[in-house]
Amino acid sequence: MLDKKLQAYKKKERIPQDTPAKYKDEFPFLKEVDSFALCNVQLQLEKAFKDHFRNRKQFKLPKFKKKRDKQSYTTNNVRDSIRVDFEKSLLYLPKIREGVKIELHRRFDGKIKSVIVSRTNDGKYYASILVETEDPRNKVVEPKSKACGIDLGIEHFATITNEFGSYKVEHPKYLLRGEERLRRLQRFFSRKQKGSKNSEKARLRLAKQHAYITNARNDFLYKLSKAIIDENQVVVVEDINVKGLMKSRLAKSISDSGWSKFLSYLKYKAEWYGRTFIQIDRFFPSSKLCHSCGYKNEDLALHDRTWCCPACGETHVRDINASINLYFVGLGRPEVTPVEQALVKNRSHPAMKQEA
Ligand SMILES: [Zn+2]
């Protein structure tokens with residue numbers, strides 16, 4: 001269908017709109033597959049052309065897929081043609097008589113609308129099930145802390161302060177090790193002769209490691225953002241200019257650390273669970289302000305990890321001080337009364353004292 005459309009396009013003829021049924025005699029295997037798979041491809045193809053004619057700059061002409069790219073098909077649920085047996089971990093799909101054994105990540109309620117079955121380029125199969133549900137949230141828990149301030153960093157993933165003190169979240173060890181292995185596999189792959197059997201083997205190993213890192217990082221970011229949202233009513237982060245920073249020398253570590261993903265997860269989870277998510281103006285001097293007396297240290301350089309406040313004499317660990325300032329911003333919100341603010345300000349932060 002794509003070929004026919006492209007040929008007509010090249011000859012400046014009218015783009016034909018055929019259906020997959022037309023090809024069933026010529027290609028008998030089309031009779032064996034789920035008809036929704038064919039139908040969805042036709043719809044997607046037509047949408048791709050429509051989009052292109054609507055906006056040629058944004059939507060390029062559709063191309064043929066490479067065989068090594070991700071492969072997938074979409075099928076729809078009609079009269080329970082798609083079912084999940086949670087007890088036996090089986091997924092029932094149209095045209096496949098027996099249930100397919102699956103590794104189920106979680107149970108769900110609601111009506112199954114469609115399923116996308118895909119094979120990634122590391123050779124794994126996934127089924128993504130679209131479900132219509134009243135409420136996508138997990139159980140909403142009562143927040144234990146009024147607010148928290150988060151300072152994102154390169155060396156440590158984040159420094160967080162809330163009612164219970166300050167703590168650092170390190171980059172998970174398995175991610176650091178995984179990235180090291182990824183770099184090794186990349187070097188290994190680039191040394192292989194293009195198109196050789198060994199090169200294909202190396203490519204597959206590299207793709208597997210890539211997939212592992214992506215999944216592991218997402219898992220870490222999902223769990224951390226969920227824990228933060230569960231624990232705090234107001235979450236304050238600095239509005240770091242991710243795009244601007246991406247152009248700088250730090251680009252690699254920032255894109256690797258998943259900051260922007262982390263912030264987007266915090267944002268939508270805050271909406272879901274009725275929390276307040278604040279991204280503070282990036283000109284707010286969270287690192288330069290002394291959290292004890294409010295003195296602004298204009299001389300603070302980027303490499304200063306600790307500093308002593310000339311006004312009150314307190315010693316600060318840079319990122320902890322920044323997260324405390326962000327935390328105070330969070331407390332200043334109308335959700336918190338001034339009395340509570342004063343109470344919290346007088347509390348000591350045991351974790352912080354240890355770090356200092
Ligand atoms: Zn001070």
Side-chain angles (χ1 to χ4, degrees), residues 143-171 224 227-229 231-242 244-245 248-250 253-254 257 259 262-263 266 270 275-356:
K144 292 196 191 88
S145 172
K146 300 268 180 220
C148 91
I150 306 172
D151 179 75
L152 293 172
I154 302 281
E155 203 183 324
H156 312 277
F157 179 77
T159 308
I160 302 176
T161 295
N162 68 7
E163 267 172 50
F164 308 107
S166 303
Y167 49 100
K168 292 193 171 183
V169 180
E170 304 293 339
H171 295 281
L224 180 61
I228 290 170
I229 291 293
E231 199 174 61
N232 305 286
Q233 179 55 45
V234 181
V235 176
V236 186
V237 291
E238 223 164 331
D239 185 9
I240 33 168
N241 180 357
V242 174
L245 283 169
S248 72
R249 272 186 314 130
L250 303 171
S253 28
I254 291 164
S257 68
W259 281 2
F262 181 61
L263 296 180
L266 282 174
R275 311 297 209 244
T276 309
F277 175 69
I278 302 167
Q279 264 180 302
I280 207 159
D281 192 296
R282 70 195 148 91
F283 298 107
F284 176 74
S286 58
S287 306
K288 289 179 180 168
L289 284 183
C290 164
H291 76 262
S292 320
C293 72
Y295 172 82
K296 191 173 166 189
N297 183 357
E298 294 288 1
D299 302 327
L300 190 72
L302 206 65
H303 59 262
D304 293 336
R305 304 319 297 167
T306 57
W307 59 283
C308 186
C309 175
C312 72
E314 179 126 15
T315 309
H316 297 303
V317 176
R318 184 199 185 91
D319 31 17
I320 290 178
N321 179 56
S323 72
I324 293 172
N325 281 322
L326 293 168
Y327 163 62
F328 285 161
V329 170
L331 290 182
R333 286 268 139 178
E335 286 86 342
V336 186
T337 63
V339 181
E340 283 168 326
Q341 261 190 68
L343 274 178
V344 176
K345 269 198 183 175
N346 288 332
R347 276 181 65 120
S348 62
H349 296 271
M352 185 199 75
K353 289 269 148 60
Q354 261 172 26
E355 284 280 343

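Just follow the structure's listing: the first ligand is 1, and inside any ligand the first atom is 1. Predicted model, so just to flag it, every value in this text is computed and none were measured. Hydrogens, waters and symmetry mates are skipped; everything else that's a heavy atom, side chains included, is used.
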Revision key, fill the gap. A correct count of protein N/O/S atoms found below 2.8 Å of the Zn ion (ligand 1) gives 4
Point to revise | CD1 on I278 to CD1 on I150, rounded to 0.5 Å | key: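 Rounded to the nearest 0.5 Å, the CD1-CD1 separation comes out at 11.5 Å.
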Review point. side-chain hydrogen bond (donor to acceptor under 3.5 Å, both in side chains) between H291 and N325: does it pass, once the steps are laid out?
Key: CA-CA 6 Å; H291 76 262; N325 281 322; 5.7 Å; no
Review point. Got a salt bridge between E170 and K168, using NZ or NE/NH1/NH2 to carboxylate O under 4.0 Å?
Key: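 No.
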Point to revise | Shortest non-hydrogen separation from S323 to T159 and the atoms involved | key: CB-O, 3.3 Å
Exercise for review: Taking atom types as modelled, find out whether S292 and E314 have a side-chain donor-acceptor pair closer than 3.5 angstrom.
Suggested key: yes
Practice item. Might you work through the side-chain contact (heavy atoms from CB on, under 4.5 Å) test for E298 and K288, ending with a clear yes or no? Key: CA-CA 7 Å; E298 294 288 1; K288 289 179 180 168; 4.2 Å; yes
